[in-house]
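First the structure, in the form of structure tokens, and then the observations on it.
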There are 2 protein chains.
Amino acid sequence: MPFRNSFFKSAFSVDNVIFGLENSTLKVLLIKRSEVPFINEWALPGDLVRVDEDLRDAPKRILKELTGLQDVYLDQVHTFGKVDRHPLGRVITVGYYSLVNMDNLKPRAASIASKVKWFDVFELESLPFDHFEILQKCIRRLQNSVREMPIGFELLPERFTLSDVQDLYEAVLNKNLDKRNFRKKFLSMGLLIDVKKYQTGVAHRPAKLYKFETSKYEEFKAKGFNFEI
Amino acid sequence: MPFRNSFFKSAFSVDNVIFGLENSTLKVLLIKRSEVPFINEWALPGDLVRVDEDLRDAPKRILKELTGLQDVYLDQVHTFGKVDRHPLGRVITVGYYSLVNMDNLKPRAASIASKVKWFDVFELESLPFDHFEILQKCIRRLQNSVREMPIGFELLPERFTLSDVQDLYEAVLNKNLDKRNFRKKFLSMGLLIDVKKYQTGVAHRPAKLYKFETSKYEEFKAKGFNFEI
DNA sequence: ACAATTAGTGTATACTGTACATTAAGTAAA
DNA sequence: TTTACTTAATGTACAGTATACACTAATTGT
């Protein structure tokens with residue numbers, strides 16, 4: 001798809017920050033751009049919003065193109081609109097973040113990209129356009145969100161251990177948390193159901209498996225909680 | 001200025017939620033529209049973003065046109081982009097809120113409006129376009145913000161009493177707060193300086209006057225605080 | 001059997017939120 | 001000038017929460 005310079009008198013786009021978790025490390029999915037400007041550079045996946053497309057559907061579309069996933073948590077974070085943020089014309093962009101489970105996920109290059117790849121969130125130092133700024137805002141939003149909503153659990157498998165949850169929080173917040181206090185506080189929310197099974201095949205004491213109590217989960221998602229930790 | 005239908009293949013606008021405080025009541029400034037659609041209805045002040053204008057400058061421009069104020073706290077809240085949100089074409093709008101001191105402020109009708117008027121925030125029930133939704137999001141953002149940042153103090157005069165501050169919080173949060181606990185917590189932040197003067201001319205015990213400690217104020221504005229109350 | 005690894009648990013202390021009632025200092029009116 | 005009225009200002013006890021901290025349990029691999 002050639003770049004249509006003429007379109008850029010005034011346009012709006014979305015950019016997606018897609019977070020995933022691997023080995024207790026927070027990752028972000030970048031694409032290798034197949035279009036100018038910044039062709040062949042790693043950048044956030046994004047696209048123009050179509051004229052007949054609701055704004056919030058655009059990041060969903062991109063996410064689906066890249067990962068095949070639907071019904072994923074998506075949060076609008078901020079809109080970026082400096083006059084010169086796009087070298088080829090006036091484009092205002094809306095930044096969204098989402099969280100996906102990296103297991104069994106094989107991101108595929110789409111029309112907007114020649115390649116896709118996961119990067120360590122806290123090791124990136126720059127990105128084209130204002131994408132680094134967008135990424136930073138999304139990280140901060142994610143870190144605030146996990147403190148007050150049941151978020152990020154999309155990153156967990158269906159049955160998980162309490163240590164998995166703690167790993168998730170540590171990856172997102174990028175710091176270590178006290179084990180006993182974490183467990184005490186998390187369990188006291190009543191969000192988890194003990195499924196009465198244990199890990200198998202691990203070379204250490206097997207951990208209890210849990211799942212989410214769906215009704216509590218939805219209640220917290222609507223009303224929020226306070227998980228300062 | 002006639003409405004240019006042709007512009008609306010795709011455009012972006014901003015809408016301002018301008019909060020003020022009067023008699024311990026939170027107000028919002030609405031304009032009487034002088035253009036179709038919704039001509040003569042009360043709506044949020046807003047305008048198209050100019051092609052050579054940074055996004056964040058657009059709400060500043062509107063605020064200045066209506067109130068003459070510059071250097072006011074402005075926060076971007078959310079971007080609204082349903083396909084049919086504007087009856088005459090595709091317009092994505094970015095919602096901003098700001099807080100202004102209503103004393104000595106005489107809002108004036110600008111090119112976008114035939115009249116301006118303050119309305120009680122919690123008594124409005126509907127607005128044209130999706131402006132009611134925008135307003136609700138801005139209220140929630142403001143309520144969250146006062147809990148974690150020194151915000152809203154633009155609504156206070158230069159020298160104020162602790163009761164003024166409490167009135168402000170009660171107006172914004174729309175609920176009553178315990179006096180002793182409020183004072184204890186607020187004073188303990190070290191944000192206020194006792195200016196060693198008292199109210200005069202009030203028919204009751206005069207209250208101490210305070211001002212903000214600017215360095216603390218800026219520090220909190222940058223780093224945030226926790227004022228759950 | 002023993003080394004290695006991660007799971008799982010409790011307590012004491014400091015701090016913070018919350019609920020609550022009385023006295024103080026000024027003006028206004030009788 | 002006394003009294004009524006209004007808002008300012010203050011402290012304490014209690015419950016709940018955050019925090020710091022170290023050892024035993026259960027499994028696999030050698």
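First the proteins, then the strands, lettered A, B, ... as listed; each starts at 1.
The closest side-chain donor-acceptor pair between B:Gln143 and B:Ser145, if any, does not fall under 3.5 angstrom. For the residue pair B:Asp15 / B:Thr93, a side-chain donor-acceptor distance below 3.5 Å is found, with atom types taken as modelled.
As a whole-Å value, the separation of A:Asn181 CG from C:dG10 P is 14 Å. Rounded to an integer number of Å, the gap from CG of B:Asp164 to C1' of D:dT7 is 12 Å. If you take CZ of B:Phe182 and C1' of D:dG11, they are 19 Å apart, rounded to a whole angstrom. Per the geometry, CZ belonging to B:Phe227 stands 14 Å off P belonging to C:dT16, to the nearest Å. With rounding to whole Å, A:Gln199 atom CD is found 11 Å from D:dT28 atom P. Computed from coordinates, the B:Arg180 CZ to D:dA13 C1' distance equals 12 Å when rounded to whole Å. The CZ-P distance, from A:Phe186 to D:dT19, rounds to 17 Å in whole Å.
Residue A:Tyr198 is the one, among B:Lys179 and A:Tyr198, whose nearest nucleotide of DNA chain C lies closer to the 5' end (criterion: closest heavy atom). Comparing B:Tyr210 and A:Thr200 along DNA chain D, the residue whose closest nucleotide (by nearest heavy atom) sits nearer the 5' end is B:Tyr210.
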- Readout for nucleotides 23-30 of chain C: B = base within 4.0 Å of protein heavy atom, S = sugar-phosphate only, - = neither; 5' to 3' it is -BBBS---

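For DNA chain C, none of the residues of residues 167-178 of chain A falls under the heavy-atom distance limit of 4.0 Å.
More than 12 heavy atoms of other residues, nucleotides or ligands shown are found within 6.0 angstrom of CZ on B:Phe225.
The aromatic ring centroids of B:Phe220 and B:Phe227 lie 6.0 Å or more from each other. Not less than 6.0 angstrom separates the ring centroid of A:Phe129 from the ring centroid of A:Phe80. Residues A:Phe160 and A:Phe212 place their aromatic rings such that the two centres sit under 6.0 Å apart.
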- Message: One pair to check against side chain to side chain contact (heavy atoms under 4.5 Å, CB included): A:Thr79 and B:Gln76. What are the steps and the verdict?
- Response: CA-CA 8 Å; A:Thr79 299; B:Gln76 187 194 110; 3.5 Å; yes

- Start with the C-alpha distance between B:Leu192 and B:Lys211, add both sets of side-chain angles, then the distance that settles side chain to side chain contact (heavy atoms under 4.5 Å, CB included), and finish with yes or no. CA-CA 6 Å; B:Leu192 299 186; B:Lys211 64 176 182 179; over 6 Å; no

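Within the nucleic acid shown, A:Ser163 comes within 4.0 Å of sugar-phosphate atoms alone, with no base atom in reach, counting heavy atoms only.
Within the cation-pi definition used here (under 6.0 Å to the ring centroid, within 45° of the axis), A:Lys117 qualifies as a partner of A:Phe119.
Salt bridge A:Lys82/B:Asp54: absent, no basic N to carboxylate O contact under 4.0 Å.
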List, with names and distances, any nitrogen or oxygen atoms from the protein found under 3.5 Å away from nitrogen or oxygen atoms belonging to nucleotides 16-18 of chain D.
unit_1 : atom_1 : unit_2   : atom_2 : d
D:dA18 : OP1    : A:Lys185 : NZ     : 2.9

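Side-chain atoms of B:Arg183 and base atoms of D:dA8 include no donor and acceptor less than 3.5 Å apart.
Using a 4.5 Å heavy-atom cutoff, the side chains of B:Thr161 and B:Asp164 are in contact.
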